[in-house]
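Heads up: the structure comes next, in structure tokens.
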Amino acid sequence: MGWFLVVSICISLLLVVYVGSHLLFLFQWRQKSRFFKIFFWLGIIVSGFALVIGRMIAASGYVIPLCLSYLFAFFLCLFLSCLIFDVIILMVKCLTGKLMSFGRKSQLCFLLLVFAIFGHGLYMANMPNVVYYKVTIAKPSYVRDLRIVQVSDVHISELTSTAFVEGMVKRINQRDPDYIFITGDTLDIRLKPFIDKNMASLFAKLKSTYGTIIVLGNHEYYGVAREKENSEQAIVEAFSAGNMLVLKDEVLYSAETDSYIIGRRDRAVDQLISARAPLSDLMAQTVSTKPIFLLDHQPYDLNEPASAGVDIMFSGHTHGGQIFPVTLLISLMYENAWGMLQKVINQHQFTSIVSRGYGFWGPPIRLMSRAEIAVTDIRFQPE
């Protein structure tokens, strides 16, 4: 967590200087009184460091104030608007050779842009999309077709409303799933909000033919490492109360579909608690001629499951970047940052499906990465 705090402080400092100086220039506030400038920079600093302040409050065991989350979200919209205006200024200068002047119309356009981005970000975070994938597995099964509905990264915290989860459950049930896969970071860190808001009763309303399978993500294990009441066993019991089967480095054989489902502990557990089981040990408990599904929160190394003989790997974690320009960085960090990717290794077709996530982390907005539910329709090869 130390490195994250240092990086966050450095980035926040750069953003504060960038946004503050642009606002002073755009609204011609440089000539204002010293008293005005002091309050102006205090407001910009608090806004720019709202995420860092919130994380420090959370690390101390307290609830992050809702205003800090929205304040930082609005600050990011200010930053993006300044960035867009810089591009416009550069284009005007290249085309006309003159520096663009700013009056009340320009200032009004800037404010409209800020609120438009903010409103769009709220919409993208709270109105999830449903994405569909079709995969053919060249193996026989007891069923001809299988529909898997996947959600990931719900990030339930003190700020999460029951209506938010109720809406998720309703949207999932409308898809008529055979299996429901929840691929980690269901909790933001603490288990307490899940229990206090009786979220288990809401998850218990999920309806599918064969059940709900869930794995833990890095945020669950962050909580396990930091707080005593967040033990791995306590999380398993809380999820089990919601009729969810938790797989922790375990292999489930489905007699109904003649297939295997492997659920791995998140790779963060290696640094926080203990080493997770090697995938090779888990694959040894399967039969390679039968369909094999893998639930692993982070899509870190796709060559390993592809070479091991996994047919489809379901992941989350990336949020699709959540907010531009992080979306660009995420696409460089992962072979499959979101969506579906297929590759053939040793004449075996492997499919990776990475969800952008249903919830959000940090600021309650999404830009160029909409919240989603993933529906995968699978066709098997007849015996």
Side-chain angles (χ1 to χ4, degrees), residues 128-154 165-184 186 200 202-216 239-248 250-264 282 285-297 299 305 309-316 339-342 349-358 371-383:
N129 191 25
V130 181
V131 295
Y132 291 87
Y133 305 108
K134 290 186 178 181
V135 180
T136 298
I137 297 179
K139 294 179 180 179
S141 172
Y142 291 160
V143 295
R144 185 177 179 86
D145 303 286
L146 197 66
R147 168 166 284 193
I148 295 174
V149 176
Q150 176 198 8
V151 289
S152 189
D153 300 272
V154 184
V165 177
E166 286 172 347
M168 180 190 74
V169 170
K170 181 179 179 180
R171 290 183 175 95
I172 292 173
N173 289 342
Q174 288 174 343
R175 310 277 84 81
D176 295 324
D178 292 312
Y179 274 114
I180 298 170
F181 289 169
I182 305 178
T183 49
T186 304
L202 302 181
F203 278 85
K205 296 178 181 179
L206 289 169
K207 298 177 182 179
S208 61
T209 308
Y210 306 116
T212 301
I213 312 296
I214 187 171
V215 293
L216 307 186
F239 287 170
S240 298
N243 288 340
M244 296 178 280
L245 176 61
V246 185
L247 296 182
K248 305 182 285 86
E250 295 171 294
V251 179
L252 172 69
Y253 171 70
S254 171
E256 295 92 342
T257 62
D258 195 29
S259 61
Y260 290 93
I261 302 172
I262 301 174
R264 298 194 76 183
L282 299 173
Q285 303 174 43
T286 67
V287 178
S288 60
T289 57
K290 300 181 185 297
I292 301 173
F293 307 122
L294 171 63
L295 278 65
D296 196 350
H297 177 61
V310 171
D311 293 300
I312 308 179
M313 173 177 169
F314 296 88
S315 306
M340 184 174 76
L341 179 146
Q342 293 183 314
Q349 179 173 287
F350 166 79
T351 302
S352 163
I353 294 177
V354 180
S355 168
R356 288 185 173 95
Y358 189 88
E372 69 179 25
I373 294 172
V375 179
T376 304
D377 289 314
I378 303 169
R379 172 63 63 92
F380 298 100
Q381 176 180 292
E383 188 105 42

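Computation of the quantities below employed the complete heavy-atom set of this structure, encompassing side-chain atoms and omitting hydrogens, waters and symmetry-equivalent molecules. Position 1 is the first residue of the sequence; numbering continues from there. In this text, all values refer to a predicted model and were calculated from it rather than measured experimentally.
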Carefully, step by step, assess Tyr133 and Gln342 under the rule side-chain contact (heavy atoms from CB on, under 4.5 Å).
CA-CA 12 Å; Tyr133 305 108; Gln342 293 183 314; over 6 Å; no

Quick one: does Arg171's side chain get under 4.5 Å of Val151's, heavy atoms only?
no

Of all heavy-atom pairs linking Glu250 and Leu282, the shortest is N-CD2, 4.1 Å

Do Phe203 and Thr186 come close enough that some side-chain heavy atom pair is under 4.5 Å?
yes

Taking atom types as modelled and ignoring hydrogens, do the side chains of Thr376 and Gln150 form a donor-acceptor contact shorter than 3.5 angstrom?
no

Is it true that the side chains of Tyr179 and Ser254 contain a donor and an acceptor less than 3.5 Å apart?
yes

For Leu295, the option from Ile182, Ile262, Ile261 that meets side-chain contact (heavy atoms from CB on, under 4.5 Å)
Ile261

Worked check of side-chain contact (heavy atoms from CB on, under 4.5 Å) between Ile172 and Tyr358
CA-CA 11 Å; Ile172 292 173; Tyr358 189 88; over 6 Å; no

What's the separation between atom CD1 in Ile148 and atom CD1 in Ile312, rounded to the nearest 0.5 Å?
6.0 Å

Can you see which heavy atom on Gly316 is nearest to which on Pro299, and at what distance?
O-CD, 3.5 Å

Heavy-atom side-chain contact between Leu294 and Arg264 under 4.5 Å:
yes

Intermediate values then yes/no, side-chain contact (heavy atoms from CB on, under 4.5 Å), Asn243 and Leu206
CA-CA 8 Å; Asn243 288 340; Leu206 289 169; over 6 Å; no

Side-chain heavy-atom pair Phe380, Thr257 within 4.5 angstrom cut-off
no

Give, for atom OG1 of Thr286 and atom CG of Leu252, the distance between the pair rounded to the nearest 0.5 Å.
12.5 Å

Gap between atom CD1 of Ile137 and atom CZ of Arg379 - 0.5 Å precision:
12.0 Å

Quick one: are Ser152 and His297 in side-chain contact, heavy atoms under 4.5 Å?
yes

Using 30° and 60° as the class limits, which term best fits the ring planes of Tyr253 and Tyr260: parallel, tilted or perpendicular?
tilted

side-chain contact (heavy atoms from CB on, under 4.5 Å) evaluation trace for Val215 with Val246:
CA-CA 6 Å; Val215 293; Val246 185; over 6 Å; no

If the threshold is 4.0 Å, N to carboxylate O, is there a salt bridge linking Asp377 and Arg147?
yes

What distance do Lys170 atom NZ and Lys205 atom NZ have between them, rounded to the nearest 0.5 Å?
12.0 Å

Spell out, as yes or no, whether a donor-acceptor pair under 3.5 Å connects the side chain of Asn173 to the backbone of Lys207.
yes

With rounding to the nearest 0.5 angstrom, report the OH to CG distance, Tyr210 to Leu245.
16.0 Å

Calculate, to the nearest 0.5 Å, the distance between atoms CG and CE belonging to Asp296 and Met313 respectively.
4.5 Å

When you measure from the side chain of Asp311 to the backbone N and O of Ile292, does any donor-acceptor pair fall under 3.5 Å?
yes

Answer yes or no: does atom NZ of Lys290 have more than 12 heavy-atom neighbours from other residues, nucleotides or ligands under 6.0 Å?
yes

